[in-house]
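In what follows, chains carry the letters A, B, and so on, assigned in the order in which the sequence lines appear, proteins first and then strands, with residues in each chain numbered from 1.
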Number of protein chains: 2
Amino acid sequence: MPIPSLDRDVEQRLRRDDVRYTRGRRAVVQALATAAGPRSAAELHQDMGSDVPLSSLYRTLTVLEEANIISPHFGARGLTRYELAEWITGHHHHYVCIECGAVEDIDVSEEIEHKVDALVEEISGMASFNPTSHVLEIEGRCRRCR
Amino acid sequence: MPIPSLDRDVEQRLRRDDVRYTRGRRAVVQALATAAGPRSAAELHQDMGSDVPLSSLYRTLTVLEEANIISPHFGARGLTRYELAEWITGHHHHYVCIECGAVEDIDVSEEIEHKVDALVEEISGMASFNPTSHVLEIEGRCRRCR
DNA sequence: TTCCTTGCAAACGATTTGCATTGGA
DNA sequence: TCCAATGCAAATCGTTTGCAAGGAA
C-alpha cells in the first residue's frame with residue numbers, strides 16, 4: 001500500500017503539535033506503511049532491525065498515537081498492535097487468525113462499506129447508541145495455521 | 001440476561017472434561033451471567049467481593065475458557081475480558097466506549113444478524129478467506145463519558 | 001488414598017518511567 | 001543555547017507458575 005505523500009502529511013500533522021519528525025519516528029511510520037496489518041512494538045522492533053531500544057520504540061508509538069498518526073488495535077492477548085490511522089490508509093477491516101493471532105488488512109469496496117455503515121446505523125438505532133465508528137473483524141485460520 | 005439452565009448446562013459441559021464445578025467456578029459463571037458485558041479478572045475480582053485471590057481467579061478463567069464456557073475479548077489496552085460463550089448467551093455484538101473502554105453487549109434480531117452474516121460472506125469471498133466467525137463492534141462515547 | 005483445586009509468593013512478559021545524555025532548530 | 005528526543009536501567013501492571021496445603025471422590 002504505497003502512500004505517496006505520507007512523509008509530508010505526517011510531518012505536517014506533527015508540526016501542528018510541535019513534535020519533531022525524527023529518524024526513529026520516520027522509521028516506525030515507514031515500517032507501518034509497508035506492513036500487511038497492525039504490528040506490535042516487538043514486531044516493529046524486529047521489522048526495523050532491532051537496534052532501536054524498545055523503550056524508545058514505545059515512546060515513539062505513544063507520541064504517534066497522541067498525534068493521531070497511528071491507531072491501536074487490540075486483537076490479541078495482552079499486547080497492542082498499531083497501524084497507520086485511517087485518515088492515511090482509508091477505512092478498512094481486519095482478518096484475524098484464531099490460531100496464531102496474526103492480523104491482516106481487508107480493504108472493501110465503497111459499495112460494501114456503505115452496506116456495513118447502513119447496518120451499523122440500523123443496529124445502533126435500535127440500541128439508541130451514538131456510533132462514531134465501527135470495527136469489523138473476520139475470524140478464521142490463516143494460511144500458515146490451516 | 002437470565003439463563004435458566006445455566007448451572008446445569010455448565011456443569012454438564014465441565015463433567016465432559018472431568019473438571020469439577022466448584023464454588024469459585026460457580027461464582028465466576030454467576031458474575032459473568034449478570035454482567036452487562038465482558039469483564040476482566042480485576043473487574044470480576046471486584047464484582048465478587050474481592051476475597052478470592054487473583055491467581056485463583058485467573059486459573060478459573062483459564063479452565064472455563066478451555067472448556068469453552070467463556071470466551072476472551074480483547075478490546076482494551078493490555079487486558080483480557082471474558083464473557084459467557086455464545087452457545088450460552090447467543091451471538092451478539094459489542095458497543096465499546098472510545099473514552100473509557102467500557103464494553104456493553106448488543107443483541108440483534110435474527111433478521112439483522114442475517115444481513116451481517118451475508119456481508120461477512122461477501123467480504124470474505126472477495127478476499128478468499130475462510131471465515132469461522134466475526135466480530136462487530138460499534139464505537140462511541142458511553143453515557144458516562146458523554 | 002488419589003487427584004483436582006486453591007493459596008501464597010515468586011516469576012514473567014509487555015509496557016512505562018526516572019534520569020542523565022544527546023541532538024536538532 | 002535550549003528544550004525535545006533518546007538510551008539505559010529500574011519500576012509497574014496484568015498475568016502465569018511452582019510448590020505446598022486443602023478437599024472431594
Check your understanding: Any chance CD of B/Glu86 has more than 12 other-residue heavy atoms, nucleotides or ligands included, within less than 6.0 Å?
Key -> yes
Review point. Should we say atom NE2 of A/His114 is surrounded by more than 12 heavy atoms from elsewhere, each under 6.0 Å from it?
Key: no
[N] [atom2] sits how many Å from [X] [atom1], rounded?
X: B/Arg15; N: C/dT5; atom1: CZ; atom2: P; result: 13 Å
X: B/Arg39; N: D/dT15; atom1: CZ; atom2: P; result: 14 Å
X: B/Glu43; N: D/dT15; atom1: CD; atom2: P; result: 10 Å
X: A/Leu64; N: D/dT6; atom1: CG; atom2: C1'; result: 15 Å
X: A/Glu11; N: C/dA25; atom1: CD; atom2: C1'; result: 13 Å
X: B/Leu44; N: D/dG14; atom1: CG; atom2: C1'; result: 14 Å
X: A/Met48; N: D/dT6; atom1: CE; atom2: C1'; result: 13 Å
X: B/Leu54; N: C/dC8; atom1: CG; atom2: P; result: 12 Å

Any side-chain N or O of [X] below 4.0 angstrom from OP1/OP2 of [N]?
X: A/Arg59; N: D/dG7; answer: no
X: A/Tyr58; N: C/dT15; answer: yes
X: A/Arg77; N: C/dA14; answer: no
X: A/Arg23; N: C/dG23; answer: no

May I ask you to say what [X] touches in the nucleic acid, namely base, sugar-phosphate or nothing, with a heavy-atom cut-off under 4.0 Å?
X: A/Thr80; answer: sugar-phosphate
X: A/Arg81; answer: nothing
X: B/Ser55; answer: base
X: A/Val19; answer: sugar-phosphate
X: A/Ser56; answer: base

Practice item. Could you please name the option among D/dG7, C/dT15, C/dG23 that lies closest to any side-chain atom of A/Pro53? Key: D/dG7
Practice item. Please tell me which of B/Arg25 and A/Leu79 maps to the more 5' nucleotide of DNA chain C, matching each residue to the nucleotide holding its nearest heavy atom. Key: B/Arg25
Check your understanding: So which one's nearest nucleotide on DNA chain D is more toward 5', A/Leu57 or A/Gly78?
Key -> A/Leu57
Point to revise | Side-chain heavy-atom pair B/Tyr21, B/Asp7 within 4.5 angstrom cut-off | key: yes
Study note, to complete from the structure: Heavy atoms of B/Thr80 and B/Pro72 approach each other most closely as CG2-CB, 3.8 Å
Practice item. Would you please classify the geometry between the A/His73 ring and the A/His94 ring as parallel, tilted or perpendicular, with 30° and 60° separating the classes? Key: perpendicular
